[in-house]
Amino acid sequence: MSSPIRVLLAKVGLDGHDRGVKVVARTLRDAGMDVIYTGLHRTPLEVVNAAIQEDVDVLGISLLSGAHMTICPKIMDLLKEKDAEDTIVVVGGVVPDEDVAFLKEIGVKELLLQDTPPAKIVETLTRLVEERGPR
Amino acid sequence: MPTPSAELFSRLKTGDLRAASRLMSRAESHDPATIATLGEIYKSAGRAHIVGLTGVPGSGKSTLVSRLVSEIRKSGRKVGVIAIDPSSPFSGGSILGDRIRMTNLVLDEGVYIRSMATRGSTGGLAKSALTAVDILDTAGFDVIIIETVGVGQDEVEIARASHTTMVVSAPGLGDDVQAIKAGILEIADIHVVSKCDRPDSNRTITDLKTMLAMGINISIKDQSNKPVWQVPVVGTSSETGEGIDKLITTMDKHREAHLTSELGEERLKRIAEYRTFKTAEDLLRNRFFDSTSERISALVEKISKRELDPFTASDELLGNIAF
C-alpha cells in the first residue's frame, strides 16, 4: 500500500505574504497529499530540521521577498550537512528569470513561479517523487 | 537504493533521528519489508512515559504541548511529540498544522515532533501513531506526548493507548461540559483547564470538580480499596505559563502511582490488548479490500438497485477473503 506524498511548505525569512502558500497547501491536500505547513518567518535551520523530522518527500519553499539567493543556498547546504540530500526541493513565488539557472545548479529541482496553474504544481511534485523512486 | 529497515533499526538504537523519521514513514506506508523490524522495535521499547493529550478543536492542545515540552526539557528529559490532524475524507490528503504552535522547540535536539494524518482512522489517533511511539522510545526519548485530533464526544482511543491521559477543556464552553460528560471527560486521568488567564476559567474548573465529585470517576482504588489515584483538575495558561509546572508534577505522580501498583500492570495489558485488536482489524480490512475490490462494484450496483441486500452481499464477500 502506498502512502500519500508528504510535503513541507515553508515561508522563510522576512516574508509575510502567505496567501499563495495557503492556496498551494489546499491544492496539494485536495490532490491527496499530506501537507505540513510551518507558518511564517522560519529560519533555514528550522525548516531543514522540520523537513528531516517529518521525513517529507518534498520541501516547498515559498519566497516573495527577493531573498531567494541568500536563503536557498543556506537550505541546500544544511540539507547536505545533515545527510538529507534526498529531499526534493521546489521553490515557488517570485524569482527573476536570471536567477533560475543558479538555483537549479545548487540543487533546487524545480521552480514554480508566478502564473503556475495549480494542476501543474500537483503534476510536477508527483513526477519528481516518481523519478526519485522508493527510499 | 533504499536503506534496509534492519540497518535503520541499528542506527535507531544509537539515537539516530534520520533513521527514526524514515522508519516512521515506512510504518505509515505499511511497507511489508519493514514489519519484522517494527516487531523488533516493539520488543525493544517500553521504557518511555506515554502521555495522551486530547480535547475539542481549539481547546489549546498544541499550544499547551509546546509549553509542556519546554518545561519538561528543563529536567533534561528528552521529549517526543506525535501530533495528529485529520485526513480529508474526500481526497485522503491533509494539512498538518500543529507544528506552527511548536516552533520554539524546533532547534532543541532533545525534542522530536512528527505530524501524522488520521488516514481513515476514526478514534482520534492515526493508525501508525503507536508504532511511531515505539520508534521514539527505542531512540531514547523519555516522555512521548500523543496529541490527538480535535475530538468530539466519542474519540476515546487515546485512553487505551497511553499511560496517562490528559483531557483539555477550555473555558467558555460551559454548556459543553454538561453535554460531553458521558464521553470524553470520563477517560481523563488528569483534567486540564486551559486558557486560565481568562476570567471565566474558574467556572470551568468548578464545573469539572463538581462533576468528578458526583462520582463519575472519582478515584481508582487498589485491591484493599485504598484510592491510588484521584482525578485532579489542573488549571493552566499557555499565555502566562501558570500551572504548567504543576501539570508536569501531576503527570509524573500519575506515572509513579501506576508504576508501583498492580493497576499499572493492568493498564499495560489493556494497551497491549487494544493494540493487538487494532492491528488485526487493520490487517483484516486491508485483506478484505485487496481480495474484494474487483467484485465490489458489481455488487454495489445490485445493492443500490435493491436487487441484492447488503447482508447477503457482505456474507459472500467475507467468505472470499484470502488468509
Side-chain angles (χ1 to χ4, degrees), chain A residues 1-12 18 21-58 60 78-79 81-87 121-122 125-126 129 132-135, chain B residues 1-3 8 11 16-33 80-83 85-88 90-109 111-119 126-128 132 136 282 285-286 289-290:
Chain A
M1 213 158 86
S2 76
S3 256
I5 292 174
R6 280 173 81 81
V7 184
L8 183 82
L9 289 181
K11 291 291 299 182
V12 191
D18 62 350
V21 77
K22 282 177 180 161
V23 172
V24 173
R26 178 74 198 268
T27 304
L28 298 179
R29 183 202 83 177
D30 290 345
M33 300 184 193
D34 280 341
V35 182
I36 299 132
Y37 177 49
T38 62
L40 294 166
H41 310 311
R42 300 281 80 85
T43 67
L45 183 57
E46 284 172 350
V47 168
V48 168
N49 275 0
I52 290 173
Q53 293 185 355
E54 298 288 357
D55 194 36
V56 289
D57 299 293
V58 180
L78 282 165
L79 284 171
E81 191 184 301
K82 291 177 179 273
D83 191 27
E85 281 171 295
D86 60 353
T87 312
I121 303 175
V122 173
L125 265 49
T126 311
V129 172
R132 185 207 60 203
R135 57 172 192 172
Chain B
M1 265 308 278
T3 317
L8 290 175
R11 279 167 50 193
D16 181 340
L17 296 182
R18 282 283 288 158
S21 296
R22 189 55 48 86
L23 282 164
M24 283 182 203
S25 302
R26 291 192 185 166
E28 270 201 301
S29 65
H30 301 279
D31 173 26
V81 178
I82 309 291
D85 266 332
S87 293
S88 158
F90 304 109
S91 72
S94 66
I95 292 184
L96 309 170
D98 289 326
R99 282 194 93 92
I100 298 178
R101 325 242 180 271
M102 304 178 193
T103 45
N104 58 319
L105 306 171
V106 172
L107 296 181
D108 182 344
E109 302 262 313
V111 178
Y112 181 101
I113 305 167
R114 177 74 169 214
S115 313
M116 284 185 140
T118 52
R119 299 196 186 166
K127 272 180 198 147
S128 308
L136 289 178
D282 286 344
R285 185 177 293 113
N286 291 345
F289 283 122
D290 285 349

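In what follows, chains carry the letters A, B, and so on, assigned in the order in which the sequence lines appear, proteins first and then strands, with residues in each chain numbered from 1.
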Worksheet item: Any side-chain heavy atom of B/Glu28 sitting closer than 4.5 Å to one from A/Asp55?
Response: no
Worksheet item: Checking side-chain contact (heavy atoms from CB on, under 4.5 Å) against A/Asn49, which of B/Asp108, B/Leu107, B/Val111 comes through?
Response: B/Leu107
Fill in: Atom pair OG/NE2 of A/Ser3 and B/His30 - distance to nearest 0.5 Å
7.0 Å
Practice prompt. For the residue pair B/Ser25 and A/Arg135, confirm or rule out a side-chain donor-acceptor distance under 3.5 Å.
Written response: no
Discussion item. Using side-chain heavy atoms (C-beta onward) and a distance below 4.5 Å, is A/Asp34 in contact with B/Arg119?
Written reply: yes
Discussion item. Counting only non-hydrogen atoms closer than 4.5 Å, does B/Arg101 touch chain A with its backbone (N, CA, C, O), its side chain (CB onward), both, or neither?
Written reply: neither
Practice prompt. Output yes when a side-chain donor or acceptor of A/Gln53 lies under 3.5 Å from a complementary backbone atom of B/Ile113, and no otherwise.
Written response: yes
Worksheet item: Looking at B/Ala20, B/Gly92, B/Ser21, B/Ala117, which has the largest count of heavy-atom pairs under 4.5 Å with chain A?
Response: B/Ser21
Discussion item. Once rounded to the nearest 0.5 Å, what's the spacing between atom CG of B/Leu105 and atom CD of A/Glu46?
Written reply: 10.5 Å
Worksheet entry | Proximity breakdown for B/Val81 and chain A, heavy-atom pairs closer than 4.5 Å | neither
Worksheet item: For chain B, which of A/Leu40, A/Thr43, A/Asp86, A/Leu28 has the most heavy-atom pairs under 4.5 Å?
Response: A/Asp86
Discussion item. If I measure from the heavy atoms of chain A, does B/Tyr112 come under 4.5 Å with its side chain, its backbone, both, or neither?
Written reply: both
Worksheet item: In terms of heavy-atom proximity below 4.5 Å to chain A, should B/Leu17 be classed as side chain, backbone, both, or neither?
Response: neither
Worksheet item: Is any side-chain heavy atom of B/Arg99 less than 4.5 Å from a side-chain heavy atom of A/Ile36?
Response: yes
Worksheet item: With B/Arg11, which residues qualify under side-chain contact (heavy atoms from CB on, under 4.5 Å), at least two apart?
Response: B/Thr3, B/Leu8, B/Asp16, B/Arg18, B/Ala19
Item to complete: Please determine, among B/Gly97, B/Ser88, B/Ser87, B/Ser115, the option with the most heavy-atom pairs under 4.5 Å with chain A.
Response: B/Ser115
Discussion item. The criterion is side-chain contact (heavy atoms from CB on, under 4.5 Å); which residues satisfy it with A/Ala25, sequence neighbours excluded?
Written reply: A/Leu9, A/Val35, B/Ile95
Worksheet item: Side-chain contact, heavy-atom cut-off 4.5 Å: A/Thr38 with B/Thr103?
Response: no
Fill in: Closest heavy-atom pair and its distance - A/Pro134, B/Pro2
O-CG, 3.6 Å
